> 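My questions will all concern the structure given below.
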Amino acid sequence: MPKTPDISLADPKRWKALVFIALAQLMVVLDATIVNIALPTAQQDLGISDGNRQWVITAYALAFGGLLLFGGRIADLWGRKRTFVVGLLGFAAASALGGAATSEAMLLGSRALQGAFGALLAPAALSLLAVMFTDAKERAKAFGIYGAIAGGGGAVGLILGGFLTEYLNWRWTFFVNIPFAIVAAVGAYFVIREPAGSRNRSSLDIPGVVLSTLGLVALVYGFTRAESAGWSDGLTVGMFVASAVLLAAFVVTEAKVKAPLLPLRVLTERNRGGVYLSLGLAIIAMFGLFLFLTFYLQVVKGYSPVSTGFAFLPMIVGMITGSTQIGARLMTRVAPRLLMGPGFVLAALGMLLLTQLEIDSSYAGLILPAQLMLGLGMGTAFMPAMSLATHGVNPADAGVASAMVNTSQQVGGAIGTALLNTIAASATSSYIASHAAGATNPQLLQMQGLVHGFSSAIWWAVGILVAAAAIAFTLINTGRPDAGSVTAASGDGVEDEVRIPVVAH
C-alpha cells in the first residue's frame, strides 16, 4: 500500500503561496490578449505600419514560446522560487518599458522582453504548485484555481483591455502589469518556501537549449507568417522545414546527452504526452474563437471595446465553474480522462452552436449559451490536465514538465490564430467572389462574407476539439488518485507512489 503523505509536514503557508502564484499566472495569461484590444490605438500613436503591426503580438509569442523549455530548466537548476521572483520583476520592468514606448522599436523590444521573462516565470509557477501540494484533495483545489485562471484569463484580458483602452489609454494595458508583478514578487519572496532536495543541479544542456529555442521560434513564426503571407510563401515553407529539422535534431540530442534539457521520459509517459497533445489542440480551437468573436461583436454587431469584453463574461463564468466546482470536486473521485474527454466534447458542442452564426444572430439566443458550454467544458477539462501534466514527475523534472504545458499552450495559441484565421479569410474571399454578381449592397455582402468565413473556420475548431477529446479518452489511462495520496500511472498503466520531499524548516 502506498504511504499517505503527512499533510502536517507540508508547508503551512502553501495556501498563501497559491494566492501569489495565481496572481502571477493571471498576469501572464492576461497579457496574451489584453494588448490585442489596444493594438489599433497603439499602432496609430507610434506610427506602426500595417505590415509590422502583427509583430507587437508575434515578438511576445516568439520569445515566450521559444524560451519556455529553457525557462523550465533554469527553474529546476536555479530554484523555482528565485526564478519565479526574477521572472516577475523582469516582467514588470519590461511592461514599464512598453507603456513608456516612444517608438515602434521600443515597443517591440519590450514585448520580446515580456515574453522572455514570462518564459522564466510561467513554468516556475506551475512547478511550485506541483511540489508544494502533494495531498490529492488539496492538489485538486489548488489546480482547480490555477486551471480556472489559465483558461479564463485570456477572456478577462479582453474585458480589461477594452476598459483601459476606452477610458484611460492604451499604455495602461502595459502599466497594469506592474502592480500585479510587484505584489506577486513581494508575496512570493516572503511566503514561498521550496521543498528541499527538489532541484536538478545537472549541467545545462547548451545544444538542447539552442536547438529547442530555434526550432520552436521557427514553428511559431511559420504559423504567424502564414496568416499574413499565405501557406505557399517561400519563407513560410522554409520556417516549417527548418522547425522540423531543428526539433528532430533536438530529440536525437536529448536521447544521447547525459543531462538533457527535456528528459524524454517527461514526454513518453502516455498520460503526460496525452495531456500535452490534447491541451495544445484545445488551445488551437479556443484562441481562434477569441479572435472571431471579437471581430464579430465589434465589426458586425458594432459593440464597443468594453461591451465586447463584457460579452465574454459567460465564458469566464463557465470556466471558473467548470474548473473549481466540477473539476476540483470530481478529480479525486473519477479518472482524469472522464473529466477531460467529456469536457472537450461539451466545449465542441458549444463551438458547434457557433457554426450557426448569422449577421442578425441573437446574443442571448446563440452566443451566450455557446459560451457557457465552452467555458464549462474547457474549465472541467483544464483542471485535471494542469494537475496531470506534472503529476508523478520526478521533482527534479517538475520545471521542465511545467514548461511543456505552457509550450503546448503558447504554440497552440499561435497555430490556432494563424490556421483558423487563414481558413476564415479564404472562405470569406470565396463567398464574396461567388455572390458578387447578384449583390445590390456591397457592404452587406462584405459582412455576410465575413460571418461565413467565421462559421467555416469554427467548423474546423469543432473537429479539433473532438480530436482533443479522442486523445484524452485513449491516451490518458491513469486511475483516480486516492483521496489522501498522490499517485500516477507509469507507462504500463500500473499506479506508482510519487514521493515528493516536504519543506525543510
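These numbers were taken from a predicted model, which means no experiment stands behind them.
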> Quick one: closest heavy-atom pair of Ala63 and Ala116, and the distance?
CB-N, 3.7 Å
> Is the shortest side-chain heavy-atom distance between Leu475 and Asn271 below 4.5 Å?
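Result no, sub-4.5 Å side-chain heavy-atom pair not found.
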> Would you say Arg272's side chain and Met404's backbone share a donor-acceptor pair under 3.5 angstrom?
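Checking the backbone N and O of Met404 against the side chain of Arg272, no donor-acceptor pair under 3.5 Å is found.
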> List the steps, then state whether side chain to side chain contact (heavy atoms under 4.5 Å, CB included) holds for Ile21 with Phe84.
CA-CA 9 Å; Ile21 291 170; Phe84 184 66; 4.2 Å; yes
> Ignoring hydrogens, what is the shortest heavy-atom contact between Leu420 and Ile284? Give both atom names and the distance.
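Scanning both residues, the minimum pair turns out to be CD1-O, 3.6 Å.
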> Looking at Phe91, is its backbone amide N or carbonyl O close enough to the side chain of Ser95 to form a donor-acceptor pair, meaning the two atoms are under 3.5 Å apart?
yes
> Could you tell me if the side chain of Phe382 sits less than 4.5 Å from the side chain of Met319, heavy atoms only?
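A side-chain contact under 4.5 Å is absent here.
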> Report yes if some heavy atom in the side chain of Ser212 is under 4.5 Å from a heavy atom in the side chain of Phe70; otherwise report no.
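Side-chain contact under 4.5 Å: no.
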> Mind checking the CG-OG1 spacing from Leu246 to Thr213? Nearest 0.5 Å is all I need.
10.5 Å
> Given Met351 and Leu374, is the side chain to side chain contact (heavy atoms under 4.5 Å, CB included) satisfied, shown in steps?
CA-CA 7 Å; Met351 199 74 84; Leu374 271 161; 3.9 Å; yes
> Is it true that a side-chain atom of Ser243 and a backbone atom of Gly215 form a donor plus acceptor pair closer than 3.5 Å?
yes
> Under the side chain to side chain contact (heavy atoms under 4.5 Å, CB included) criterion, do Phe117 and Leu89 qualify, and how do the steps go?
CA-CA 8 Å; Phe117 283 109; Leu89 294 177; over 6 Å; no
> State, to 0.1 Å, how close Thr173 and Trp170 come at their nearest heavy-atom pair, and which atoms those are.
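So the minimum-distance heavy-atom pair works out to OG1-O, 2.6 Å.
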> Which pair of non-hydrogen atoms, one from Ala469 and one from Gly341, has the smallest distance, and what is that distance?
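Nearest pair, atom of Ala469 first, then Gly341: CB-O, 3.7 Å.
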> Might you work through the side chain to side chain contact (heavy atoms under 4.5 Å, CB included) test for Leu235 and Tyr221, ending with a clear yes or no?
CA-CA 10 Å; Leu235 186 55; Tyr221 182 60; 4.0 Å; yes
> Where does the angle between the aromatic ring planes of Tyr296 and Phe454 fall among parallel (under 30°), tilted (30 to 60°) and perpendicular (over 60°)?
perpendicular
> Donor-acceptor pair, distance only, cut-off 3.5 Å: does the side chain of Arg337 make one with the backbone of Ala472?
no
> State the CZ-CG distance between Phe344 and Leu339, to the nearest 0.5 angstrom.
11.0 Å
> Using a 3.5 Å distance criterion without hydrogens, assess whether the side chain of Arg111 forms a donor-acceptor pair with backbone atoms of Val56.
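Looks like yes, one N/O pair under 3.5 Å.
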> Hey, could you give me the CD1/CG distance between Ile432 and Leu450, rounded to the nearest 0.5 Å?
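So the CD1 of Ile432 and the CG of Leu450 are separated by 7.5 Å.
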> Could you grab the distance from atom CE of Met373 to atom CG of Leu346, nearest 0.5 Å is fine?
5.0 Å
> Is there a side-chain contact between Leu68 and Pro123, using heavy atoms and a 4.5 Å cut-off?
yes
> Is the shortest heavy-atom distance from the side chain of Pro207 to the side chain of Val210 under 4.5 Å?
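Result no, sub-4.5 Å side-chain heavy-atom pair not found.
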> Are Ile367 and Phe312 side-chain neighbours, meaning at least one heavy-atom pair lies under 4.5 Å?
no
> Measuring from Tyr60:OH to Ser110:OG, what's the distance to the nearest 0.5 Å?
11.5 Å
> Counting N and O atoms only, with roles assigned by atom type, does the side chain of Ser323 sit under 3.5 Å from a partner on the main chain of Ile320, one being a donor and the other an acceptor?
no
> With rounding to the nearest 0.5 Å, note down the distance linking CG in Leu465 to CG in Leu281.
8.5 Å
> Is there a donor-acceptor pair closer than 3.5 Å between any side-chain N or O of Ser455 and the backbone N or O of His452?
yes
> Could you check whether atom CH2 of Trp460 has more than 12 heavy atoms from other residues, nucleotides or ligands sitting under 6.0 Å from it?
no
> Can you give me the closest heavy-atom contact between Ala24 and Leu121, atom names plus distance?
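That closest heavy-atom pairing would be CB-CD1, 3.7 Å.
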> Is there side-chain contact between Phe64 and Gln114, with at least one heavy-atom pair below 4.5 Å?
no
> Tell me which one of Leu293, Leu352, Thr355 satisfies side-chain contact (heavy atoms from CB on, under 4.5 Å) with Ile458.
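Of the listed options, the one satisfying the test is Thr355.
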> Measuring only between side-chain heavy atoms, which start at C-beta, is Leu349 closer than 4.5 Å to Leu353?
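Sidechains of Leu353 and Leu349: no contact.
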> Ala385 and Met340: which non-hydrogen atoms are nearest, and at how many Å?
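Between these two residues, the closest heavy atoms are CB-CE, 3.8 Å.
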> Keeping Gln43 on the side-chain end and Ile48 on the backbone end, is there a donor-acceptor pair under 3.5 Å?
yes
